[in-house]
Trainee: 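Dumping the structure here so I can ask a few things about it.
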Number of protein chains: 2
Amino acid sequence: MEPVNLKRLAQELKLSVATVSRALNNSSSTSPATKARVVAMASKLKYEPNPHASSLRRHTSKTIGVILPEVANPFFSLVVNGIEEVARDQNYHVLLYLTHDNYEREVAITRLLVGGRIDGVLMSVASASQDFTHLDLLRERNIPTVFFDRVYDGLHTAQVTTDNCDSSYAATGHLIDNGCRTIAHLAVSNSLYIGRARTRGYAAALHDNRIPFDDELVRYAQPSQRQDVAMIQGLLQRRPDIDGIFASVESLAMSSYEACQNLGLSIVTAIKIIAFSNLEIATFLSPPLTTITNQRTLWAKPPPGYCLTQSWKTRRFQPATAWN
Amino acid sequence: MEPVNLKRLAQELKLSVATVSRALNNSSSTSPATKARVVAMASKLKYEPNPHASSLRRHTSKTIGVILPEVANPFFSLVVNGIEEVARDQNYHVLLYLTHDNYEREVAITRLLVGGRIDGVLMSVASASQDFTHLDLLRERNIPTVFFDRVYDGLHTAQVTTDNCDSSYAATGHLIDNGCRTIAHLAVSNSLYIGRARTRGYAAALHDNRIPFDDELVRYAQPSQRQDVAMIQGLLQRRPDIDGIFASVESLAMSSYEACQNLGLSIVTAIKIIAFSNLEIATFLSPPLTTITNQRTLWAKPPPGYCLTQSWKTRRFQPATAWN
DNA sequence: TTGAAAGCGGTACCAG
DNA sequence: CTGGTACCGCTTTCAA
């Protein structure tokens with residue numbers, strides 16, 4: 001079975017491969033007549049160009065690498081949706097890699113990408129990362145890189161991020177306004193900018209309301225959801241005075257729900273919970289979860305060094321059981 | 001700036017590219033000494049092979065294409081997680097394409113993949129698809145294809161699917177056991193095997209319980225969530241005797257919640273809902289949603305033509321408000 | 001407007 | 001065990 005490639009088309013049409021190639025790329029200087037013949041034959045034989053040959057020759061692959069911690073998370077799946085959508089519109093392809101917040105994986109994946117496989121990288125750094133030298137490789141090889149959400153501020157590139165500090169300040173303030181005085185902060189790694197910014201907003205809100213910052217109330221995400229639940233239960237048992245929880249990511253809010261349920265603590269009356277989240281169904285949760293939601297995921301092309309800021313807003317749900 | 005490729009390594013080491021290539025692929029016949037030198041130099045210069053050159057020559061790309069309707073869906077994100085995981089373990093790469101249940105997109109994507117970009121395809125067919133000729137292209141070009149969940153049974157390949165018919169029978173039976181007599185079935189396209197199987201189970205359960213099958217009670221998913229809600233509201237208004245809903249996909253369950261809320265209908269007392277779903281938080285929904293959940297996502301290598309069946313089970317939640 | 005040919009970066013065959 | 005070389009499929013000069 002003859003493969004369908006340029007040579008085959010050329011033979012079939014008694015033309016040279018060069019002409020066929022030009023005709024298909026509607027480049028300059030090809031007579032309309034031959035162009036039509038070529039296109040007709042291509043579609044007849046269902047010709048599809050071999051992208052590897054083309055990438056090799058052109059030094060561009062029309063492919064972007066997307067590196068994420070995970071995809072089973074409403075925020076990241078929204079992101080993947082957005083990326084895939086504009087990529088497809090621009091005739092780009094998306095290579096997806098998941099780190100599962102594992103540093104070694106992130107390093108290994110980064111290394112894979114510098115061989116010319118992709119034209120650019122979109123990345124949300126693993127929360128377990130402390131050392132970012134692997135990312136410098138991207139710069140050395142001149143691979144355009146955009147960080148989003150979980151940003152690495154060491155590399156001087158475009159970033160897509162949110163006003164984490166302000167939103168956290170607002171969220172914590174919201175709990176305080178509703179009577180909370182001992183507020184636990186469930187954070188992600190503080191080696192990441194996003195984590196530090198959210199914690200900063202939390203601390204600032206406490207400070208401005210003359211509530212002392214208590215180190216014991218700040219806890220970090222564990223490797224697994226099960227451990228998160230255990231950690232939160234432990235915290236709530238040690239500190240029965242806790243009356244509010246500010247979860248900086250959605251999964252920690254879910255774990256808090258579970259911990260409260262296990263301990264027989266009533267959410268809303270005993271403890272109020274607020275979280276960064278994109279859960280569409282937050283309103284149907286029992287009780288409804290108050291969330292800080294980013295309004296939409298933007299995908300623009302900011303000039304290098306430019307930081308695109310998304311705004312988040314606190315979404316208040318009005319079902320009967322809501323406390324706000 | 002010199003590019004780091006085999007030629008560069010060869011120059012640096014005063015060896016031929018052939019030798020360097022062999023050393024790096026630890027193929028036979030390379031002296032341990034030179035091999036060590038080559039590897040050392042490669043890591044010193046941070047050499048990464050150009051995958052396009054390799055793919056071009058070898059006619060394999062170590063890349064698989066994954067075509068899904070969407071990723072913002074707990075089941076599919078679980079699937080993507082699984083695929084990426086084993087792909088990475090086997091040193092394979094994952095190209096992700098989303099159809100958004102759009103037939104034209106699915107056709108366009110399929111066409112893109114037959115040019116040698118990928119070694120194989122994993123696919124869950126768009127529910128809007130009625131014509132599957134585009135999939136025959138995959139067979140013509142000898143591209144291994146595995147369908148999962150939404151299966152196309154016209155192409156004779158490996159499939160990963162679930163015992164849809166049995167589960168639907170059980171789900172419908174569950175509603176009947178709990179007193180429902182007029183059960184609406186919210187289905188996906190019936191041009192898909194999965195849709196037909198689920199409807200078959202529904203119909204069988206009705207039959208075995210001497211409940212007449214009513215065509216008006218079977219409704220299909222609309223292009224958008226908003227339209228789903230409108231469709232369900234319309235149905236519930238036209239047929240106030242409906243006391244149960246069997247949603248064959250999760251989003252239809254969510255839309256049903258919304259429709260009931262809009263109409264002021266009490267879920268559980270007025271209408272009971274059951275659905276195929278992988279929502280982790282189903283238990284926290286208000287009221288908790290009864291789900292048919294697939295126990296785990298399997299990724300094995302079934303021989304061609306073999307159909308791997310996953311088992312689903314009905315998960316019963318015990319919170320106070322649950323009706324089951 | 002078209003064709004011949006070089007070459008992208010590896011791989012694999014064959015000779016030494 | 002190593003080097004020379006053809007070639008994978010396509011793009012892009014350069015000449016005709």
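In the text below, chain A, chain B and the rest are named by the order of the sequence lines, each starting its count at 1.
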Trainee: May I ask you to decide if B:Arg117's main-chain N or O and B:Ser61's side chain share a donor-acceptor pair within less than 3.5 Å?
Mentor: yes
Trainee: Can you check the A:Asn50 CG to D:dC7 P distance for me, whole Å?
Mentor: 18 Å
Trainee: Check every atom of D:dC10, D:dT12, D:dT5 against the side chain of A:Asn5 and return the nucleotide holding the closest atom.
Mentor: D:dC10
Trainee: Categorize B:His52 for me: base, sugar-phosphate, or nothing, with a 4.0 angstrom heavy-atom threshold over every strand shown.
Mentor: nothing
Trainee: Using a heavy-atom cut-off of under 4.0 Å over every strand shown, decide if A:Pro49 touches base, sugar-phosphate, or nothing.
Mentor: sugar-phosphate
Trainee: Where the side chain of B:Thr133 meets the backbone of B:Asp131, is there a donor-acceptor pair that is under 3.5 Å apart?
Mentor: no
Trainee: If you take atom types as modelled and just measure distance, does the side chain of B:Arg22 reach the base of D:dG3 with a donor-acceptor pair under 3.5 Å?
Mentor: yes
Trainee: Distance check needed: D:dC8 P versus B:Leu56 CG, whole Å only.
Mentor: 9 Å
Trainee: Above 12 or not: heavy atoms from other molecules or residues under 6.0 Å from NZ of B:Lys7?
Mentor: no
Trainee: Closest nucleotide of DNA chain D for B:Lys35 versus for B:Arg57: which of these residues is on the 5' side?
Mentor: B:Lys35
Trainee: Assign A:Ser31 to base, sugar-phosphate, or nothing according to its heavy-atom contacts below 4.0 angstrom with the strands shown.
Mentor: sugar-phosphate
Trainee: Out of D:dT5, D:dA6, D:dC1, which has the shortest distance to the side chain of B:Pro32?
Mentor: D:dC1
Trainee: Under the side-chain contact (heavy atoms from CB on, under 4.5 Å) rule, what do A:Val121 and A:Leu138 come out as? Steps first, then yes or no, please.
Mentor: CA-CA 9 Å; A:Val121 172; A:Leu138 295 169; 4.1 Å; yes
Trainee: What integer distance in Å separates B:Leu15:CG from D:dG4:P?
Mentor: 11 Å
Trainee: Classify the nucleic acid contact of B:Ser55 as base, sugar-phosphate or nothing, counting any heavy atom under 4.0 Å across all strands shown.
Mentor: nothing
Trainee: Does a side-chain N or O from A:Tyr47 land closer than 4.0 Å to OP1 or OP2 of D:dG9, or not?
Mentor: no
Trainee: Using a cut-off of 4.0 Å on non-hydrogen atoms, how would the nucleic acid contact of A:Arg58 be classed: base, sugar-phosphate, or nothing?
Mentor: sugar-phosphate
Trainee: Name the first nucleotide and the last nucleotide along DNA chain C (5' to 3') that come under 4.0 Å of a heavy atom in chain B.
Mentor: C:dG9 to C:dC13
Trainee: Looking at A:Arg88 and A:Tyr92, would you say the former's side chain and the latter's main chain have a donor-acceptor pair under 3.5 Å?
Mentor: yes
Trainee: Would you call B:Glu140 and A:Lys46 a salt bridge, using N to O less than 4.0 angstrom?
Mentor: yes
Trainee: Set out, in order, the CA-CA distance, both residues' side-chain angles and the distance that settles side-chain contact (heavy atoms from CB on, under 4.5 Å) for B:Leu6 and B:Leu24, then state yes or no.
Mentor: CA-CA 10 Å; B:Leu6 281 191; B:Leu24 291 173; 4.0 Å; yes
Trainee: At under 4.0 Å between heavy atoms, what does B:Ser29 touch on the DNA or RNA strands: base, sugar-phosphate, or nothing?
Mentor: base
Trainee: Check the distance between D:dC7's C1' and B:Leu6's CG and give it to me in whole angstrom.
Mentor: 15 Å
